[in-house]
Amino acid sequence: MIYKNLYIDGHLSDLTVTDGIITSIQPVQSGVGIQDSVINNHDSRTVDCHAMRWALPAMVNMHTHSAMTLFRSAGSGLPLQQWLHDTIFPLEAKLTPDDIYRGALQAFDEMRSSGTTAFNDMYFCTESTIRAAAEKRMGGIVSLSVTDADFEDPDKALHTHRFFNDYDRTVSRLPHGITLAVAPHAIYSVSGKHLRYIADFAHEHGLPFHIHLSETQAERENCLKEHGVPPVVYLDQLGIFDKVGQHFIGAHALWFDETEIRILGDHQVTVVHCPNSNLKLGSGFRFLYNELRDAGVNVTLGTDGCASSDNLDMIEAMKVMSLLQKGTRLDAAALPADEVFRIATENGYRALGMDNCGIRTGAHANFFLVDISRPPFTILHQQDLSPEQRNSLFLNQLIYAAHGDCITETITF
Ligand SMILES: [Zn+2]
């Protein structure tokens, strides 16, 4: 495939993809590109972008419950614990594997159409999510979500143990681009005994350990009451970080003190900020981005499931993350557009072990095209902009002015 006359880093370029790899990026000589592309319009392997598309590396949604597209806006107005127990858990008890498959299909359609090609999912019936991901050519991690009930209730325990016992066989049949992980739901729903068991399993198989962590102030206060220490110190005392190290992925990560941030940084873990979900459920908004980044934590971005975030639009999530940093720090320069975009792409690639991504020769073709004829991008069509100025303006317009619907095409091979 040849994409002609599209912008890359502020430069009008032609981009060639061969066998799933970007094999060439050539600058377009001024005045030649559009004329030249008309000649190639009959060739189905050539797409002429007429200087109205901008290519960017695809995004990674680092915390999802994909099938929850079925529950958009469910329990709206309830705080987390009431929302979970009165609305979400009773709904989930009725789900069939086919429901989960159909919910996940819808999620992956939405992700792809808004520039996301990889995800980090936490749910049950992993085989349904895997099937949907393969059909939609999505990559990422599918993790089995477990609570104590999944070990103790006889019917559920059967399924849980099947996941752990059949792990090797399941892995050997996974579609391209999908890996497995284990996901204890949270410290308030999984006992220390089971957290240790899951961490041992993750350590033995080199798997990510994905958990909801310090999502609410109540979680932190209850942990202090029950264990005498805050959540991260509690997990450290259980030996979880020593076992899983960099494979630890903590979703939400809102309520930390300095000691906890130091522990997370020392182990170079990944955390996932889910700003829309946190705001919708009234869980909090002071995400300590600078502190976590400076301590050595890999900070990534996610939407959470659609029952709390209502959509899977990572452009919206980037905007809200950036605005919250500016607002809570009283600093308009905090978390600028280029940095929040790297959080949604490069930091996600690092967490998922996705090597060789980005728009450059030799990298995997994994990118999306933005329609810059749309109103948010009018400012880019001034004649006297340098490539650097145009690039900076583009990222600002994308994150603060546009939404995921400005994306016309998402390419993965
Ligand atoms: Zn979640």
Side-chain angles (χ1 to χ4, degrees), residues 60-76 78-93 95 100 103-104 106-108 110-111 116 118-126 129 140-147 149-150 181-190 195 198 208-220 231 235 248-255 269-285 287 299-314 316-317 320-321 344 348 351-352:
V60 182
N61 191 338
M62 276 296 296
H63 182 66
T64 61
H65 311 281
S66 298
M68 290 180 96
T69 49
L70 302 172
F71 302 148
R72 276 186 219 270
S73 293
S76 196
L78 296 176
L80 181 77
Q81 288 304 325
Q82 209 183 337
W83 175 80
L84 276 176
H85 289 279
D86 295 356
T87 305
I88 300 303
F89 291 157
L91 282 171
E92 287 182 336
L95 285 179
I100 293 173
Q106 199 185 112
F108 298 141
E110 187 179 342
M111 285 185 206
T116 296
F119 64 101
N120 178 36
D121 204 71
M122 178 195 283
Y123 220 54
F124 48 97
C125 287
T126 48
T129 309
I141 300 177
V142 176
S143 50
L144 178 70
S145 176
V146 285
T147 64
D150 293 305
V182 282
H185 175 263
I187 59 164
Y188 54 81
S189 51
V190 185
L195 286 170
I198 296 165
F209 178 102
H210 182 188
I211 185 169
H212 293 114
L213 176 67
S214 297
E215 182 173 359
T216 61
Q217 196 171 21
E219 176 183 337
R220 181 183 173 80
L235 288 171
F248 184 94
I249 302 174
H252 300 297
L254 267 185
W255 297 89
V269 307
T270 289
V271 299
V272 191
H273 184 27
C274 303
N276 283 334
S277 172
N278 298 153
L279 288 166
K280 182 88 184 290
L281 294 171
S283 301
F285 56 90
F287 181 74
V299 176
T300 63
L301 183 63
T303 56
D304 208 352
C306 276
S308 56
S309 75
D310 295 296
N311 68 36
L312 302 164
D313 185 344
M314 286 289 286
E316 184 180 291
V320 177
M321 179 178 188
L352 297 194

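Residues take their numbers from the sequence shown, with the count starting at 1. Remember, it's 1-based here, ligands and their atoms both numbered in the order they're listed.
Evaluation of the side chain to side chain contact (heavy atoms under 4.5 Å, CB included) rule for Ser309 yields Asn276, Thr303 as partners, not counting sequence neighbours. Listed by chain and residue number, His273 satisfy the ring pair (Phe, Tyr, Trp, His ring centres under 6.0 Å) test with Phe287 (two or more places apart in sequence, or in another chain). With sequence neighbours excluded, no residue forms a side chain to side chain donor-acceptor pair (under 3.5 Å) with Asp86.
Asp121 and His65 share no side-chain donor-acceptor pair at under 3.5 Å. In summary, the side chains of Glu316 and Asn311 do present a donor paired with an acceptor at a separation below 3.5 Å, with no hydrogens or angles considered.
A side-chain hydrogen bond (donor to acceptor under 3.5 Å, both in side chains) with His63 holds for exactly one of Asn120, Thr300, Asp304; it is Asp304.
For a distance threshold of 2.8 Å, the protein N, O or S atoms nearer than that to the Zn ion (ligand 1), listed by chain and number, are His63 NE2, His65 NE2, His212 NE2, Asp304 OD1.
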